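Have a look at the structure below before the remarks.
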Amino acid sequence: MSDYITMPEQRVPVIAACDVLVVGGGAAGMSAAIAAARQGADVILVERYGYLGGLASGGLIVLLLTLDDGDGHQIIAGQCQELVERLASRGACFYPPESDWGNYDEALVEKYRRWGLVWGSGPHRVRYSVAYDPEEFKYVANTWVGEAGVRLMYHRWASDVVFDDGAGAGTAPHPPAPSPRRGEGESNGEQTPATENRRSISHVVFTSKAGREAIRASCVIDTTGDGDVFTMAGESFEKEQIHPWLWFRMAGVQDVDAAQAGRGGFFFKTVKDGQVLMPWGAAERIERRIDATNPDDLTFAEVECRRMVMDEVDRLRAQVPGFEDAYLTDVALTLGVTESRRLNGAHTLVRDDVGTVFEDTIATTGHWTKYGAVYHIPYRSLLPQRVGNLLVAGRCISVDHRVHHATKEIPPAFATGEAAGVAAVQALRSSVGVEAVDVGTLQASLREAGAWLPEGGASS
Ligand SMILES: Cc1cc2nc3c(=O)[nH]c(=O)nc-3n(C[C@H](O)[C@H](O)[C@H](O)COP(=O)(O)OP(=O)(O)OC[C@H]3O[C@@H](n4cnc5c(N)ncnc54)[C@H](O)[C@@H]3O)c2cc1C
């Protein structure tokens, strides 16, 4: 439909101001907010729903894959490691001890495979991956951001940005769809602009049951997963269409080990006796790919995936020994969206970059299906090209489709979030745009905070 209305001008109350505004409270967002607050900044974290974690809790994607390189060495630490320790102190997670990492022993590999901690093609080794409980995650996350001094605001949906030259969303429109094809994804077709004359976001506008409200911020971090903020700010991006999934859990399974050995279904143990996690949500894929930024596509997928979940529940109960009295405990609150928009940032990390240590590496990740494949993520992959006070972290950073399979995972989302949080504070302290942050100092701060970074990198 090409019918439009013109909205009247509206006075929007500015309800708060802060140094660092983090938009989106998934793995990357909570990590960014905690990191920035620990550097002494006044931080607001805004999330559209009523819990933290995003896909890592509400999406029931409750497997940290992975904190290692596939060769038995831990390469993600920092706040992701702290998350593991916080969950472990509550008996809310399960993972192999360090002495097992990298072990080829088939019995050991099979033990951890049953928890969803071993993927890909062999020969398999034990990974440092972690299964955890999503409700415990949400509790730990609330407590953790509170301890860090982050101001948490739930139930607000970022809907506009305003620039410090007074321009609002009218000059930073949502790019018109559809866009030209580029490889498997789509691009909004913008040319790479020069990096000088960057604009600054002065406010982000949120919509809620209270109406429209603005928050003033010196620096903004986009951790919405879908890149909502960088899109509203007019940054260039690529967009993928995907098969969404809806993960779910069932309880009341008699003898989970025997049920798994029977191979009548694909499911994993959880930290609760008799409860299993169903990855993917159903045995089959939904019939068509969707654009996860299109509400009509999302509506289609919600209905279809939920129907497929119920079909699978019925099938398991009818056909798989041990499931006779099993029951559905929860279905993911959000569709499993592997990708949507990805920033076209100052650097796009591509598959051929595997193993390359950049001078501005700020995080490193292994690959959950490949042993020994390691990507070092440069700071430039978090950097937009037009806006001087915006950083991006989590699954929508600037990488290509294939590298995305590694960098989208929860541990690297924690790691890029942590880097963005520290970088934002450093930019403010130095009174420079995010593009001018001294990466040597950033790397030193990250190491000091416990993050793992490879040898080398910039010297400050
Ligand atoms: C099917 C599937 C299986 C996966 N399997 C694994 C796995 O086994 N292990 C693993 O480590 N990773 C896995 N992943 C990847 C991983 O779960 C996600 O990529 C990762 O959790 C992304 O974290 P994020 O913080 O970048 O984004 P998200 O988790 O998407 O968080 C974004 C947050 O921003 C909020 N938000 C969005 N828009 C707005 C807005 N406009 N205003 C305010 N708030 C907003 C959302 O509500 C959400 O809380 C899987 C993903 C999928 C879909």
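Quantities reported herein were computed from a predicted structural model and do not represent experimental measurements.
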Test side chain to side chain contact (heavy atoms under 4.5 Å, CB included) applied to Leu446 and Glu418, step by step
CA-CA 8 Å; Leu446 287 168; Glu418 187 168 354; 4.1 Å; yes
Which of Asp226, Asn294, Asp228 passes side-chain hydrogen bond (donor to acceptor under 3.5 Å, both in side chains) with Ser340? Answer is Asp226
Query raised in the report: Is any side-chain heavy atom of Phe137 closer than 4.5 Å to a side-chain heavy atom of Leu83?
Result: yes
Taking atom types as modelled, find out whether Ser398 and Ser381 have a side-chain donor-acceptor pair closer than 3.5 angstrom.
no
Sorted by chain and residue number, the side chain to side chain contact (heavy atoms under 4.5 Å, CB included) partners of Thr66 (sequence neighbours excluded) come out as Asp68, Arg127, Ser129, Trp368
### Task
Evaluate the side chain to side chain contact (heavy atoms under 4.5 Å, CB included) criterion for residues Glu47 and Met153: first the C-alpha distance (whole Å), next the side-chain angles of each, then the deciding distance (0.1 Å), finally the verdict.
CA-CA 6 Å; Glu47 162 59 41; Met153 293 187 181; over 6 Å; no
Output for pair (Cys305 SG, Met310 CE), nearest 0.5 Å, gives 13.0 Å
- Item | Arg86 bridged to Glu147 by N-O distance under 4.0 Å | yes
* Might you confirm whether atom CD of Glu98 has over 12 heavy atoms from other residues, nucleotides or ligands at distances under 6.0 Å? => no
Between Ile286 and Ala301 the two heavy atoms that sit nearest each other are CD1-CA, 3.8 Å
- request: Begin with the C-alpha distance, continue with both residues' side-chain angles, and end with the deciding distance and a verdict on salt bridge (Lys or Arg N to Asp or Glu O under 4.0 Å) for Arg125 and Asp71.
  value: CA-CA 8 Å; Arg125 271 163 271 176; Asp71 284 330; 2.5 Å; yes
Next on the checklist: With heavy-atom distances below 4.5 Å as the criterion, would you say the side chains of Ile76 and Pro412 are in contact?
Outcome noted: yes
Taking every heavy atom of Thr364 against every heavy atom of His376, the minimum-distance pair comes out as OG1-ND1, 2.8 Å
query = Does the distance from a Lys or Arg side-chain N to an Asp or Glu carboxylate O, for Asp311 and Arg307, drop under 4.0 Å?
reply = yes
For residues 314-342, the ring pair (Phe, Tyr, Trp, His ring centres under 6.0 Å) pairs (sequence neighbours left out) are Phe267-Phe323
Separation between OG1 (Thr329) and CZ (Phe248), nearest 0.5 Å, reads 9.5 Å
Worksheet item: Just checking, is any N or O donor in the side chain of Glu339 or His401 under 3.5 Å from an acceptor N or O on the other one?
Response: yes
Sequence neighbours excluded, the answer for side chain to side chain contact (heavy atoms under 4.5 Å, CB included) partners of Ala406 is Thr365, His367, Tyr375
Quick note, side-chain hydrogen bond (donor to acceptor under 3.5 Å, both in side chains) partners involving residues 37-46, not counting sequence neighbours, are Arg38-Glu82, Asp42-Arg151
With a sphere of 6.0 Å drawn around CZ of Arg288, does it hold more than 12 non-hydrogen atoms of other residues, nucleotides or ligands?
yes
| query | So does Asp273 have more than 12 non-hydrogen atoms from other groups sitting under 6.0 Å from CG? | reply | no
Minimal heavy-atom distance between Ala41 and Val425, with the atoms involved, is CB-CG2, 3.7 Å
Shortest non-hydrogen pair, Gly366 vs Ile75, comes out as N-CD1, 3.4 Å
Contacts under 3.5 angstrom, residues 216-223 side chains, donor-acceptor by atom type, not counting sequence neighbours:
from   : atom 1 : to     : atom 2 : distance (Å)
Asp222 : OD1    : Thr224 : N      : 3.0
Asp222 : OD1    : Thr224 : OG1    : 2.7
Asp222 : OD2    : Val229 : N      : 3.0
Asp222 : OD2    : Phe230 : N      : 2.8
Thr223 : OG1    : Val23  : O      : 2.9
Thr223 : OG1    : Gly24  : O      : 2.7

Hits for side-chain hydrogen bond (donor to acceptor under 3.5 Å, both in side chains) against Ser57, two or more places apart or cross-chain, chain-then-number order -> none
| message | If only side-chain N and O atoms count, and only distance matters, is there a donor-acceptor pair under 3.5 Å linking His347 with Tyr379? | response | no
*Does a side-chain N-to-carboxylate-O contact under 4.0 Å join Asp400 and Arg342?*
no
With sequence neighbours left out, the residues meeting ring pair (Phe, Tyr, Trp, His ring centres under 6.0 Å) with His203 are none
Non-hydrogen side-chain atoms of Lys269 and Asp257 separated by less than 4.5 Å | yes
inquiry  = Between Thr407 and Arg395, is there a side-chain heavy-atom distance shorter than 4.5 Å?
reply    = no
Hey, mind stepping through Asp297 and Arg289 against salt bridge (Lys or Arg N to Asp or Glu O under 4.0 Å) and telling me if it holds? CA-CA 9 Å; Asp297 276 13; Arg289 289 173 188 254; over 6 Å; no
Sequence neighbours excluded, the answer for side chain to side chain contact (heavy atoms under 4.5 Å, CB included) partners of Pro97 is Ser99, Asp100, Tyr112
Taking everything shown except Glu85 itself, do over 12 heavy atoms lie less than 6.0 Å from its CD? yes
**Item:** Ile290/Phe300 under side chain to side chain contact (heavy atoms under 4.5 Å, CB included): CA gap, chis, key distance, verdict
**Value:** CA-CA 9 Å; Ile290 64 154; Phe300 160 77; 4.1 Å; yes
Thr338 and Lys408 have their tightest heavy-atom pair at O-CD, 3.7 Å
Hits for side-chain hydrogen bond (donor to acceptor under 3.5 Å, both in side chains) against Asp133, two or more places apart or cross-chain, chain-then-number order -> Arg249, Lys272
Nearest heavy-atom approach of Ala141 to Met30 is CB-CE, 3.6 Å
Residues at least two apart in sequence or cross-chain that pass side chain to side chain contact (heavy atoms under 4.5 Å, CB included) with Val130, listed by chain then number, are Leu64, Leu67, Val84, Cys93, Tyr95, Tyr128
Tyr139 OH: over 12 foreign heavy atoms closer than 6.0 Å: no
The single option from Phe94, Trp115, Trp119 that satisfies ring-ring contact (aromatic ring centres under 6.0 Å, His included) with Phe268 is Trp119
| message | Is it the case that the side chains of Ser208 and His155 hold a donor-acceptor pair, with the cut-off being a distance below 3.5 Å and no angle test? | response | no
Margin query: Please evaluate residues Val387 and Glu235 with respect to the criterion side chain to side chain contact (heavy atoms under 4.5 Å, CB included), reporting the C-alpha separation (whole Å), side-chain torsions for both, the decisive distance (0.1 Å), and the verdict.
Written below: CA-CA 8 Å; Val387 182; Glu235 289 290 337; 3.4 Å; yes
Residue set satisfying side-chain hydrogen bond (donor to acceptor under 3.5 Å, both in side chains) with Asp69, at least two apart, ordered chain then number -> His73
One thing to verify: whether Asp291 and Lys239 come together as a salt bridge, which I'm taking to mean a side-chain N less than 4.0 angstrom from a carboxylate O. yes
* Asked: Is a donor on one side and an acceptor on the other found under 3.5 Å between the side chain of Gln79 and the backbone of Phe414?
  -> no
Residues at least two apart in sequence or cross-chain that pass side-chain hydrogen bond (donor to acceptor under 3.5 Å, both in side chains) with Thr270, listed by chain then number, are Gln275
Distance col, row Lys111:NZ vs Leu117:CG, nearest 0.5 angstrom, shows 10.5 Å
